[in-house]
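Structure, as structure tokens:
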Amino acid sequence: MKELVTGEMRVKTPKTEALESASRWEEEKYEDGVKWKFLEHNGPCFPAEYQPLPSNVHFLYDGKKVKLSLEAEEVAFFFAQMLDHEYTTKKVFRENYFKDWRKEMTNEERSLIKDLDKCDFGEIHAMHKAKVEARKNMTKEEKLVVKEANQKVVEEYGYCLLDHHKERIGNFKIEPPGLFRGRGEHPKQGMLKKRIQPEDVIINCSKEARVPKPPAGHRWKEVRRDNSVTWLASWTENIQGSIKYIMLNANSKLKGEKDWEKYEIARKLKLCVDDIRNQYGQDLKSKQMVTRQRAVALYFIDKLALRAGNEKEEGETADTVGCCSLRVEHITLHEKLEGNECVVEFDFLGKDSIRYYNKVPVITKVFKNLKLFLENKQPGDDLFDRLNTGMLNKHLGSLMAGLSAKVFRTYNASITLQQQLKELTNKSDNEPEKLLSYNRANRAVAILCNHQRAPPKTFDQSMANLQAKIDARKETLALEKTELKQAKKEAKTRNSSDPKLQNLVERKKAAVKRCEEQLLKLELQATDREENKQISLGTSKLNYLDPRISVAWCKNTEVPIEKIYNKSLRDKFAWAIDMTEEDFEF
DNA sequence: CTGCGAACTTAGAACACCAGCT
DNA sequence: AGCTGGTGTTCTAAGTTCGCAG
């Protein structure tokens, strides 16, 4: 797989070879599995120690002041900090919290503090809020001092040397302790996320490199020399027992090449997607139940851009599903619905407990299979009881090198963007109109991939404000128009060759035009914002849309790339900006 | 196969910051 | 100068994939 992709990736050469940034994408690849030859860094940055409460701030239990041990106090502080958050009102959160908090208490504390409802974190909460407020109200000079200090930290910990290049590290800070904030109905929400010590951390760097110094009085858990992986440091977190990594920034060579490769695989799928669709179309009639289930799952993944859907351990995480883990209760079949036949109604929680709700007309063969899969099953049973992601991906891998379920999301997202841009963009449009078209194309993808966001709390207000602006502009425009008419009339009835009057007419004309443009711009903005209320465009832009489509579109429409990519996006997609010509086709 | 863990990508929320307004 | 809304950045949770051991 690696070979196939790498070969194709070399076809197009960046045109600005002289530039270091461009030629970087052309360096020799290492043998399979080797990610680097030299890696040196300063290790991760640890969060500050807990600062004990000042003597005038108290924790109260059952109305009485209680001086807590340092350990118990720190954990009390975590809860106090979150008091404004909905989390602290949730039963599971509170129970998990209290259980873990009590583990940090001394015997004495534990025998006293037996009921979270009797705990009063008010003073601690107030102190925390005051601190946040004070930080906000710092003078310019004070803020500058903080900024410079942060800058120092970035300089020290934010970069590494990987082969010949100084690279930015993505997350060089160890995650601070706190209360676990799982998404949705997470059974572990509120548990104590423990402070990570250097003794928990594995460092990865090359043999020749200077080993980072652990904080004074501490040692690393291990120093590893593994160049088959890209991480610089890792530790195991205590909530799920999973490993956390310190890795490079998205603008690094290593991440950039991987991203490029991802889009090349998706383009390869474009070449064989018709065959694959024919194949699973045939498989819908297979005698083998597994094959039929696989075919229907693939149909969903392809048509609806569903995620693969691995099984999850019950009780460890929120109850969410993807394609292969769909249960009977997540779909409803309608022979007829709203004028369509064979409609599948989906309603389930996907990644991050985001709801997926969709009514989709499907082909008869799929519909019939679904009916079959539902026979004699309970709501809680698996829809695809003979299938899992491993089997599905194994099959996909045999159809095309490098193919897995998620490639369909990348492919369908990118191809949709390209099609939509072609359909929506008019050469003759002005820039704001072109940008609206781009956003609409982007939005079509976000809807396909179900990238949602909570509507901004201030949404209705800010929409009303914008509308008020539009109304005001309309009034001004009407006024300007009347004035223009007046000026024209005067110029006609009086001496029409009076240059002063002619000049006035011209000026009024210009004013009207300017006003109209501003109005249009505002109206486009309003449309864009309204359509975007619950949709997040960023995720697809960052993860699913081949940047070369966007770069080529910018070149074709003469829209500056800055209008659609901010600085970090331009850095991340530097490879695409460097190499893409206006005739690029995904 | 199947189960498991490691490594890496993808995701929305929270937070920080800054431009444009009053 | 202070406010505010919107954008960009940071954070870290939650997915996918793959390879390995049994």
Side-chain angles (χ1 to χ4, degrees), chain A residues 1 33 35 47 82 85-87 132 135-137 139-140 143 146-147 150 154 170-176 178 180-184 186 188-189 193 202 204 226 228-231 234 236-237 239-250 254-255 258-259 262 307-313 316-318 320-325 349-354 388-394 396-397 402-407 409-410 413 446 449-454 456-459 461-463 465-466 469 525 529 532 534-544 565-569 571:
Chain A
M1 163 209 135
K35 305 292 171 65
M82 287 182 74
H85 203 288
E86 203 207 330
Y87 271 126
V132 171
R135 204 177 324 140
K136 221 167 53 190
N137 293 334
T139 63
K140 266 217 160 73
K143 280 183 180 164
V146 172
K147 201 172 171 178
N150 285 337
V154 174
N171 57 329
F172 52 86
K173 288 177 179 164
I174 296 274
E175 293 174 16
F180 179 70
R181 298 153 90 112
R183 309 271 171 85
H186 198 116
K188 298 197 172 184
Q189 63 186 94
K193 185 169 134 167
I202 303 174
N204 194 27
D226 184 355
S228 72
V229 296
T230 67
W231 53 269
S234 72
T236 303
E237 53 88 28
I239 305 288
Q240 321 270 3
S242 66
I243 308 174
K244 300 272 190 165
Y245 301 93
I246 303 275
M247 286 184 187
L248 294 184
N249 189 280
L254 214 53
K255 293 277 189 193
K258 197 77 191 300
D259 211 34
K262 173 181 82 184
R307 295 185 185 84
N310 289 296
E311 305 98 296
K312 303 167 74 183
E313 212 178 331
E316 294 293 300
T317 60
T320 63
V321 297
C323 186
C324 293
S325 51
L349 297 182
K351 182 177 178 181
D352 295 310
S353 292
I354 297 290
N388 62 41
T389 54
M391 296 155 69
L392 182 74
N393 280 333
K394 213 180 139 203
L396 289 174
L403 189 62
S404 64
K406 85 187 187 86
V407 179
R409 257 167 96 79
T410 311
C449 294
N450 199 38
H451 290 143
Q452 298 188 24
R453 61 168 184 178
K457 287 200 175 71
T458 56
F459 185 85
Q461 186 55 54
S462 81
M463 214 56 212
N465 291 350
L466 190 57
K469 257 191 196 173
Q525 210 178 60
R529 203 185 293 173
N532 245 9
Q534 306 194 63
I535 298 175
S536 150
L537 301 186
T539 305
S540 49
K541 215 185 229 188
L542 198 62
N543 299 302
Y544 287 103
Y565 284 165
N566 62 35
K567 180 73 169 73
S568 43
L569 246 21
D571 283 348

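Numbers restart at 1 for each chain; the letters A, B, ... are given by sequence-line order, proteins then strands.
- Among the nucleotides dG8(C), dG12(B), dC8(B), the one closest to any side-chain atom of I354(A) is dG12(B).
- Put simply, H451(A) has no side-chain N or O that comes within less than 4.0 Å of OP1 or OP2 on dT10(B).
- The side-chain hydrogen bond (donor to acceptor under 3.5 Å, both in side chains) test applied to N171(A) returns no partner, not counting sequence neighbours.
- For L396(A) and dT17(C), the CG to P distance is 9 Å, given to the nearest whole Å.
- Taking K541(A) as the reference, nothing meets the salt bridge (charged side-chain N to carboxylate O under 4.0 Å, His left out) condition, with sequence neighbours excluded.
- For dA11(B), one of the phosphate oxygens OP1 or OP2 lies less than 4.0 angstrom from a side-chain nitrogen or oxygen of Y544(A).
- Nucleotide dA14(B) holds its P atom 9 Å from the CE atom of M82(A), rounded to whole Å.
- In this structure, Q452(A) atom CD and dA11(B) atom C1' are separated by 12 Å, rounded to whole Å.
- Position along DNA chain B of the nearest nucleotide to K147(A) versus L542(A) favours L542(A) as the more 5'-ward residue.
- When the nearest nucleotides of DNA chain B are assigned to D226(A) and M391(A) by heavy-atom distance, the more 5′-ward of the two goes with M391(A).
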Base versus backbone protein contacts along nucleotides 10-16 of chain C [heavy-atom cut-off under 4.0 Å; B, S, -]: -SSSBSB
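- Between N388(A) atom CG and dT2(B) atom C1' there is a gap of 9 Å when expressed in whole angstrom units.
- Contact annotation: K394(A) reaches the phosphate of dC1(B) (side-chain N/O to OP1 or OP2, under 4.0 Å).
- Residues satisfying the ring pair (Phe, Tyr, Trp, His ring centres under 6.0 Å) criterion with F180(A), sequence neighbours excluded, are H186(A).
- OP1 or OP2 of dT9(C) has at least one side-chain nitrogen or oxygen of S568(A) nearer than 4.0 Å.
- Side-chain atoms of R181(A) and Y87(A) include no donor-acceptor pair closer than 3.5 Å.
- Distance Y245(A) OH to dA7(B) P: 4 Å, rounded to the nearest Å.
- Remark: K143(A) is not in phosphate contact with dA16(B), judged by side-chain N or O atoms under 4.0 Å from OP1 or OP2.
- Rounded to whole angstrom, the span from the CZ atom of R409(A) across to the C1' atom of dT9(B) amounts to 12 Å.
- Atom CD1 of I535(A) is separated from atom C1' of dA11(B) by 16 Å (rounded to the nearest Å).
- L392(A) places its CG atom 8 Å from the P atom of dT17(C), with the value rounded to the nearest Å.
- Between the side chains of K312(A) and T320(A), at least one donor N or O sits under 3.5 Å from an acceptor N or O.
- Every salt bridge (charged side-chain N to carboxylate O under 4.0 Å, His left out) that K244(A) has, sequence neighbours left out, goes to E175(A).
- Listed by chain and residue number, N566(A) satisfy the side-chain hydrogen bond (donor to acceptor under 3.5 Å, both in side chains) test with S568(A) (two or more places apart in sequence, or in another chain).
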